[in-house]
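The structure appears below as structure tokens.
Note on naming: letters A, B, ... go to the chains in the order of the sequence lines (proteins, then strands), and numbering restarts at 1 for each one. This is a predicted model, so every value here is computed, not measured.
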Amino acid sequence: MTFGKGHHLHLIDGSAFIFRAYHALPPLTRKSDGMPIGAVAGFCNMLHRYVEGNTGPNAPTHVAVIFDKGSHTFRNDMYDQYKANREAMPEDLRPQIPLTRTATAAFNIACKELEGYEADDIIATLAVQARASGGRCTIISSDKDLMQLVGDGVEMLDAMKNKTIDRDGVFEKFGVYPERVVDVQALAGDSVDNVPGAPGIGIKTAALLINEFGDLDALLERAEEIKQPKRRQTLIDHAEQIRLSRSLVLLDENTPIDFTIDDLEVRDPDADQLLGFLSEMEFRTLSKRVAEVLGREAPAIPDAPAPAVADAPQVADVPFDHSKYEQVSDAEALRVWLDRIYEVGYVAVDTETTGLNEMTAELVGVSLSVEPGQACYIPLTHKASRSDDLFGSDDLAPGQMPFEEALQLLTPMLEDPAILKIGQNMKYDGKIFAQLGITVAPIDDTMLMSYAMHAGLHGHGMDALSERYLGHTPLPIKPLLGSGKSAVTFDKVPMEDAVPYAAEDADVTLRLWQLFKPQLHRAEVTKVYETLERPLVPVLAQMERAGILVDRDTLSRMSNAFAQKMAGLEADIHELAGETFNVGSPAQLGEILFDKMGLQGGKKGKAGKYSTGADVLEDLATEHDLARRVLDWRQLSKLKSTYTDALQDHVNADTGRVHTCYSIAGAATGRLASTDPNLQNIPIRSEEGRRIREAFVAPEGKVLVALDYSQIELRILAHIAQIDALKEAFQRGDDIHAMTASEMFDVPMDQMTPEIRRNAKAINFGVIYGISGFGLARNLRIPRAEAQGFIDRYFERFPGIRTYMDDTKAFAKEHGYVQTLFGRRINTPNIGAKGPQAGFAARAAINAPIQGTAADVIRRAMIRMPAAIADLPATMLLQVHDELLFEVEKGAEDALIAAAREVMENANDPVVKLDVKLTVDAGVGADWAEAH
DNA sequence: GACATCACG
DNA sequence: GACGTACGTGATGTCC
């Protein structure tokens, strides 16, 4: 049968099938030998579903699955950077590639590939031949590179969405019809394939230009006629690069294939061959389905719960049974556990303590687990319960081994480099052990594993993870400790309650670890976890334990001064209001201002209360003294309650210092968060607030050194969005906001006014946040139309920003997450939502790669810092997002600055190359105000 | 415990 | 064409 009119050729993009299958399924392995087969399983499922769906008038008469072959193609000879930033194929996928060919053959479908060519080229060759023969051709793929082939009998089918893409569909995507797609692609480039294109030009602009000039050649020839000066210059400067890009995206329709379409005729599967393959792979479910269709008996697969098409990740099939947990009361029993730990080489560890503050909490007991369902608790300092003893007893409860003896047995294991200690938030347990002189290493941390995979989806506390991923709700702590005034510490919990609670935590941790470990790999965040999360644990533990010296007297004096001023203001406010009321109550203030005094200002909020935020009061303050006084009072109230009062309570009794706690997995973007107290929001913007930093001091003989990245987020934006003008300005060391202003408003740098610069600065920040006309208008207190005008001009002058924003949103929509330059994944589950939620999600998605990359950079610096300053009499104390604060002996400050700056300015090396250099400013002083 | 407010990057 | 909007955090006070 010669292919021609009335015939229908299906071409399946096999590599895309494999990729989708791999990422859609958990890391399944063949039960009998542990070979990874997840991608093959998914691939077979997709093929099966495809075959079953082929009925009716659209059924193909000819079909082939086309694969890529080898990583080097003729395009690499044209351009050595082609696809150069592609990540290497995951280790557990590589061995599955040949099996996908075998699978295709087992389905009795033609399977084609050609050395030195991409699948797309073979598809192009066949599609063009099919068209020439007068037949139809459907390309089963959603790859936009194939869209240039659509039309005149050729169409595309997105198998996952079951959506057909015809000429109009292509126009929707590219703004041009298929014959001009390569022109648009040549201009827009492609960051995934590393096709350069024209810098700053995205699909939208490219389509605009092509439609105006007809085609790419005409456009390049008549580039002088382009109205926008920047765009004109870009096209003139990069003409060669654009032509190269076109030849990269242009598919080869004349690949030297050694077969014809006639060889691709649809064939019925050979039942024996297909079922044989499926049973060899141990795909039980699929075998059954296929056998049913073929009217055959399902092949017997040796009893193994190999989940061919498992929908849910595999969780250890062991039920939670609290009665199985063991109380370890003597050395003999503990040795049995240690033997088991040495046998397997890892152990889940959890500590119970007298509190949540690691600096003051004391160890009460340790739990261990090496196998799901099996865990023990080693109580150490539980008190005897004597209900008649009102004063509390120091007597130890029975059934506990001596504290020292237990530690002597545990310490070698905890410090043994050959034994992996697994914890949920190991920073906590590590610090508890560190108090006792025990250095726990090496470690794994299930909280951080979850964070690497699930940031943005949910919290990473143990209870949440257990419920979500193990389907098990751990015993709550509340009933054991009580709450409020009657709350007790864990050492008062009776043994029969303590053992199941404590041991269960180790059990849960171990199960989560077993579940997460392979998933990390699957989600491609192993590197993030291993280089950005886990190594930070000991670094932060050291910083938190070091703490910073705070001068309580200074704070106390400030508190008193604030109190006096506040009293004066309060009296004024009451007099101006004509009655006394609680100034600290926004509700009461709102009534006074808007009801009693009749000022303008609308209701807001669900409670129907007036809004009395600073921006509202600021507007009123020009006319009403009351508003101004309230603003002043509020500022003082904030400084006093949150800082000068509260900080005094955080001074540790033993060390005389303040020890914050950093959460590594708190912020979705990769930033740290600081709590108890938060030392990342100590005032600086107002002069009065700034003075609070004078209370953060260096001890006698030492000084504080602060190093902070200069404009790190804008630099990263310039790099990611490829804004040449911004990059160059940074390289020159220009005032970046003034440069932006000059560029936008056509004002020469030497005639810049603070007003214009201020506008540009607000826009620069706005861009990082996912700018909107409304938001900018509010920030600058200008009409919305004017703000929109600024933004339009900004996009015009820096077109790369638009492209970045559009590309990022599109990526988030397609994948459900965005990434930093270092591969950190930030999930964006709401990106597809309807309504205002979508706006929030989109702006967060735009911001996350920028904020997250900056966070990654300083994390890398912090991880390298201990080694870099090991020989200096210096300690790293605090991190404030783009700043690191050190304490150093007088005389060594210059050496510290040199060493730390070196680490910080090169923190991106060698993983990420930045087009913009990072620079770090340094300051030295006796206190934090002076050092910053 | 929800909400409003305000401190930081 | 209208919708409502700057990104990321944590701590405090009021009020129910």
Side-chain angles (χ1 to χ4, degrees), chain A residues 455-456 581-590 604-618 630-631 633-647 649-650 660-663 666-686 688-690 692-693 708-714 717 762-780 784 787-788 791 808 818 826 828 834-852 854-855 858 878-883 932:
Chain A
F581 68 100
N582 186 346
V583 183
S585 165
Q588 293 180 31
L589 176 67
K604 259 215 285 197
K606 288 143 205 149
K609 295 272 166 44
Y610 290 112
S611 167
T612 67
D615 50 345
V616 175
L617 295 186
E618 201 67 53
V630 172
L631 280 170
W633 183 91
R634 282 216 185 134
Q635 190 197 6
L636 296 175
S637 165
K638 182 77 171 185
L639 295 179
K640 182 171 186 291
S641 70
T642 309
Y643 300 103
T644 55
D645 286 354
L647 275 174
D649 301 333
H650 280 286
T660 186
C661 178
Y662 289 102
S663 21
T669 53
R671 273 195 180 179
L672 301 179
S674 159
T675 62
D676 307 301
N678 181 353
L679 295 186
Q680 290 182 320
N681 71 345
I682 302 303
I684 190 163
R685 291 175 188 169
S686 78
E688 270 166 309
R690 192 177 202 274
I692 291 173
R693 295 193 173 217
D708 67 290
Y709 283 106
S710 160
Q711 307 283 11
I712 186 167
E713 292 193 353
L714 270 178
L717 174 73
I763 299 167
N764 273 335
F765 279 106
V767 165
I768 292 175
Y769 300 150
I771 200 157
S772 76
F774 185 94
L776 182 65
R778 204 176 63 169
N779 188 284
L780 284 176
R784 201 185 145 166
Q788 191 57 53
I791 293 170
T808 306
V818 292
I826 298 120
T828 57
K834 292 266 173 277
Q837 262 203 313
F840 281 112
R843 290 191 296 273
I846 289 165
N847 172 260
I850 303 167
Q851 187 182 117
I858 197 165
L878 300 178
Q879 187 251 44
V880 192
H881 308 308
D882 64 357
E883 170 185 356
H932 187 89

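- Asp708(A) places its CG atom 11 Å from the C1' atom of dG9(B), with the value rounded to the nearest Å.
- We find that CG of Leu878(A) is positioned 16 Å from P of dC8(B), with the value rounded to whole Å.
- In this structure, the CH2 atom of Trp633(A) is 11 Å from the C1' atom of dT12(C), given to the nearest Å.
- The residue Glu713(A) sits apart from the nucleic acid: no heavy atom pair falls under 4.0 Å.
- Contact annotation: Gln879(A) side-chain N/O to dG9(B) OP1/OP2 distance is not under 4.0 Å.
- Among the heavy atoms of the strands, none lies under 4.0 Å from Ser637(A).
- At dG9(B), one or more side-chain N or O atoms of Arg685(A) fall inside 4.0 Å of OP1 or OP2 (strictly under the cut-off).
- Applying the salt bridge (charged side-chain N to carboxylate O under 4.0 Å, His left out) rule to Lys640(A) yields the partners Asp645(A); only residues at least two apart in sequence or on another chain are considered.
- Among residues two or more places apart in sequence or in another chain, the side-chain contact (heavy atoms from CB on, under 4.5 Å) test is passed with Tyr769(A) by Phe765(A), Asn847(A).
- Counting heavy atoms from C-beta on, the side chains of Gln851(A) and Ile826(A) never come closer than 4.5 Å.
- Distance OH (Tyr610(A)) to C1' (dT14(C)): 19 Å, rounded to an integer number of Å.
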Practice item. Kindly indicate, with the supporting measurements, whether the criterion side-chain contact (heavy atoms from CB on, under 4.5 Å) is fulfilled by Leu679(A) and His650(A). Key: CA-CA 11 Å; Leu679(A) 295 186; His650(A) 280 286; over 6 Å; no
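- Within the nucleic acid shown, Ile850(A) has no heavy atom closer than 4.0 Å to any nucleic acid atom.
- For Thr644(A), the side chain to side chain donor-acceptor pair (under 3.5 Å) partners two or more places apart in sequence, or in a different chain, are Ser559(A).
- Taking atom P on both nucleotides, dA6(C) is separated from dA4(B) by 13 Å, rounded to a whole Å.
- Partners of Thr642(A) under the side chain to side chain donor-acceptor pair (under 3.5 Å) rule, at least two apart in sequence or in another chain, do not exist in this structure.
- Contacts of Glu883(A) classified as salt bridge (charged side-chain N to carboxylate O under 4.0 Å, His left out), with partners at least two apart in sequence or in another chain: none.
- In this structure, Ala646(A) reaches the sugar-phosphate backbone alone: every heavy-atom distance under 4.0 Å involves primed, P, OP1 or OP2 atoms, never a base.
- Residue pairs that meet the salt bridge (charged side-chain N to carboxylate O under 4.0 Å, His left out) test with at least one member in residues 668-679 of chain A, sequence neighbours left out, are Arg671(A)-Glu713(A).
- Under the ring pair (Phe, Tyr, Trp, His ring centres under 6.0 Å) criterion, Phe840(A) pairs with no residue at all, not counting sequence neighbours.
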Practice item. Using Watson-Crick or G-U wobble pairs with both distances under 3.5 Å, give me DNA chain C in dot-bracket, 5' to 3', with [ ] for crossers and | for pairs to another strand. Key: ......|||||||||.
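- The CG-C1' distance, from Leu639(A) to dT12(C), rounds to 12 Å in whole Å.
- Following rounding to the nearest Å, Leu617(A) (CG) and dA4(B) (P) show an atom-to-atom distance of 15 Å.
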Review point. When every nucleotide of nucleotides 3-10 of chain C is labelled 5' to 3' by its protein contacts under 4.0 Å (heavy atoms), B for base, S for sugar-phosphate only, - for none, what sequence of letters results?
Key: -BBBBBSB
